[in-house]
Amino acid sequence: MTASSASHYDVIIIGAGAAGLMCAATAGYQGRRVLVVDHANKPGKKILMSGGGRCNFTNLNSTPANFLSDNPHYCISALKRYTPQDFLELVDRHGIEHEEKAPGQLFCRDSAKDILTMLLTECEWAGAEIRLKTAVTSVSEAGAGYRLKTGSGALTCESLVIATGGLSIPTMGATGFGYEIARQFGLEVLPTRAGLVPFTLQPELKTQLAPLAGISCPVDAECNRQHFREPMLVTHRGLSGPAMLQISSYWYPGDDISINLLPTRRIEDDLMGLRKQKPRTTVAQYLAEYLPKRFASAFNELHGWTGPLQEYKNADIETVAKTLGEWTIKPAGTEGYRTAEVTLGGVDTRQLSSKTMAVLDRPNLYFIGEVVDVTGHLGGHNFQWAWASGVAAGNVD
Ligand SMILES: Cc1cc2nc3c(=O)[nH]c(=O)nc-3n(C[C@H](O)[C@H](O)[C@H](O)COP(=O)(O)OP(=O)(O)OC[C@H]3O[C@@H](n4cnc5c(N)ncnc54)[C@H](O)[C@@H]3O)c2cc1C
């Protein structure tokens with residue numbers, strides 16, 4: 001089949017998610033004939049479920065240090081050229097109300113739907129077409145461009161953009177299709193794993209912590225020399241909350257996680273001081289000053305800390321302080337792609353242009369968004385990468 005007998009576009013984007021829609025609007029405004037295809041029945045499903053339904057759409061403090069990648073400098077250029085402030089201006093132009101829930105983290109005041117509506121409106125204004133329920137079954141070279149086989153006929157294009165995201169939440173339409181295309185064109189795909197994901201625990205600890213499900217406390221979690229001081233949440237399945245989600249991106253099976261339960265205190269000094277000034281105080285009472293009461297008493301019981309501090313020798317106090325400041329756990333695993341917010345790894349960026357997101361020796365094949373080996377911390381960074389990489393690819397004329 002030739003280009004004239006198939007539907008022909010300047011740009012076809014596979015994936016109507018955050019990166020794909022942003023790229024489509026940008027390329028459309030460049031005057032290009034753009035089509036976005038997605039096998040799902042609705043565009044932007046992850047946008048709708050993000051940020052608890054209110055989409056943490058950017059982070060004003062986003063810097064390249066908030067991203068994990070085997071090639072850490074790759075993301076710098078695109079993030080510099082399309083900043084959180086640029087996206088915020090777009091959000092403001094569309095009159096979307098937002099709020100800063102934590103420092104730098106911007107969420108919709110009403111609903112994540114506002115961000116999706118904004119992107120779809122931009123695509124419409126830019127003349128970009130969106131075709132849903134369209135599964136791409138194969139991609140091949142056709143002249144200087146590409147030919148796509150889909151469930152509803154063939155398509156051809158000059159430029160092809162892969163924006164199919166990662167493997168997380170398969171029930172939302174996630175597939176490894178982007179990685180397959182990358183391999184087909186000779187690109188390396190770095191090993192993928194679930195990131196920003198809750199931990200599961202070994203049966204004994206799981207049973208001990210189960211009664212504490214629902215309790216959250218501020219901690220400092222450390223793994224592989226990375227620290228996050230944020231809340232930790234005990235769940236029926238294990239440990240979650242921002243601190244655990246963040247550290248999960250740095251965790252590998254078999255690694256320990258060290259958790260400081262009282263990150264604002266000098267625990268040993270506190271306990272030594274109390275032993276002198278209020279010798280009848282128990283560790284449980286000390287803990288209850290700073291931790292939710294139920295958590296404090298369960299943790300105390302777990303370690304068998306009974307009796308007043310006056311009965312504790314210096315070595316005992318050191319042990320208690322170390323246990324509280326460096327509570328070390330070895331997770332059984334993570335909940336995996338079923339609940340992970342992101343996929344770490346992916347298309348190796350060493351083979352891509354950091355300016356255009358195109359394959360270095362194939363300037364009309366682009367990879368953007370989560371399919372690429374760039375993964376943000378929790379807090380709006382992942383969407384900022386989707387917007388920035390989408391704009392970088394869409395701006396190429
Ligand atoms: C529960 C949850 C909450 C999140 N909350 C936030 C948040 O608040 N802030 C933040 O910054 N990030 C958040 N994220 C991460 C963020 O959603 C992703 O990083 C972002 O959506 C990635 O954008 P993308 O366009 O690369 O991929 P996606 O948004 O995943 O889009 C990929 C698209 O490709 C389509 N597709 C896949 N395979 C094929 C195929 N074979 N053929 C055709 N189409 C295909 C999919 O249907 C999908 O529409 C959250 C993620 C989850 C799962």
Side-chain angles (χ1 to χ4, degrees), residues 13 17-30 44 46-48 50-69 72-126 128 161 163 165 196 228 230 242 246 341-342 349 353-357 366 368-370 372 374-397:
I13 299 165
L21 293 174
M22 195 68 182
C23 182
T26 310
Y29 284 131
Q30 295 283 323
K46 274 196 193 160
I47 297 173
L48 292 178
S50 68
R54 298 219 271 138
C55 187
N56 179 191
F57 55 79
T58 194
N59 190 310
L60 295 175
N61 305 324
S62 198
T63 74
N66 295 110
F67 294 85
L68 293 91
S69 172
H73 294 299
Y74 176 76
C75 63
I76 295 173
S77 169
L79 290 170
K80 222 186 219 171
R81 284 176 291 132
Y82 191 82
T83 64
Q85 206 56 45
D86 290 327
F87 192 74
L88 183 56
E89 276 168 25
L90 179 65
V91 167
D92 284 338
R93 275 206 301 281
H94 282 257
I96 297 172
E97 294 211 54
H98 48 81
E99 60 190 10
E100 192 170 348
K101 281 224 220 163
Q105 296 180 15
L106 299 188
F107 286 75
C108 296
R109 184 159 290 164
D110 293 331
S111 162
K113 223 168 144 191
D114 293 342
I115 296 294
L116 181 57
T117 305
M118 175 190 85
L119 292 169
L120 295 175
T121 305
E122 289 286 326
C123 282
E124 197 186 323
W125 289 346
V161 182
L196 300 181
F228 289 95
E230 300 208 48
Q246 298 276 36
E341 279 198 17
V342 285
T349 59
S353 155
S354 61
K355 191 157 181 274
T356 65
M357 313 284 120
Y366 302 76
I368 59 171
E370 200 180 316
V372 166
V374 174
T375 307
H377 287 169
L378 191 74
H381 305 285
N382 284 297
F383 278 135
Q384 188 55 36
W385 170 247
W387 317 137
S389 58
V391 167
N395 261 329
V396 179
D397 51 31

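A quick note: this is a predicted structure, and the numbers were derived from the prediction, not measured.
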Can you see which heavy atom on [X] is nearest to which on [Y], and at what distance?
X	Y	result
Ala128	Ala24	CB-O, 3.8 Å
Tyr82	Leu90	OH-CD2, 4.1 Å
Lys113	Leu48	CA-CD2, 3.7 Å
Ala18	Ile47	CA-CD1, 3.9 Å
Thr58	Pro84	OG1-CB, 3.3 Å
Ala393	Ile368	CB-CG2, 3.6 Å

Taking the side chain as every heavy atom from C-beta outward, state whether [X] and [Y] have any pair of such atoms under 4.5 Å apart.
X	Y	result
Ile96	Phe57	no
Ile115	Leu119	yes
Met118	Val91	yes
Ile76	Ser354	no
Leu21	Leu116	yes
Ser389	Val374	no
Leu106	Leu88	yes

Report the distance from atom [atom1] of [X] to atom [atom2] of [Y], rounding to the nearest 0.5 Å.
X	Y	atom1	atom2	result
Thr375	Asn66	OG1	CG	12.5 Å
Asn395	Gln30	CG	CD	5.0 Å
Leu79	His381	CG	NE2	10.5 Å
Glu122	Met22	CD	CE	7.5 Å
Asn56	His98	CG	NE2	12.5 Å
Trp387	Thr26	CH2	OG1	11.0 Å

Please confirm whether the backbone N or O of [Y] pairs with a side-chain atom of [X], one donor and one acceptor, at under 3.5 Å?
X	Y	result
Asn382	Gly376	yes
Arg81	Lys355	yes
Gln384	Leu60	no
Tyr74	Ser353	yes

Working note: Asp114 + Thr117, criterion side chain to side chain donor-acceptor pair (under 3.5 Å); need CA distance, chi angles, decisive distance, verdict.
CA-CA 5 Å; Asp114 293 342; Thr117 305; 5.4 Å; no

CD (Glu89) with more than 12 external heavy atoms under 6.0 Å
yes

Heavy-atom neighbours of Lys101 NZ exceed 12 at 6.0 Å:
yes

Please say which of Phe228, Trp385, Phe67, Phe383 ends up in a ring pair (Phe, Tyr, Trp, His ring centres under 6.0 Å) with His377.
Phe228

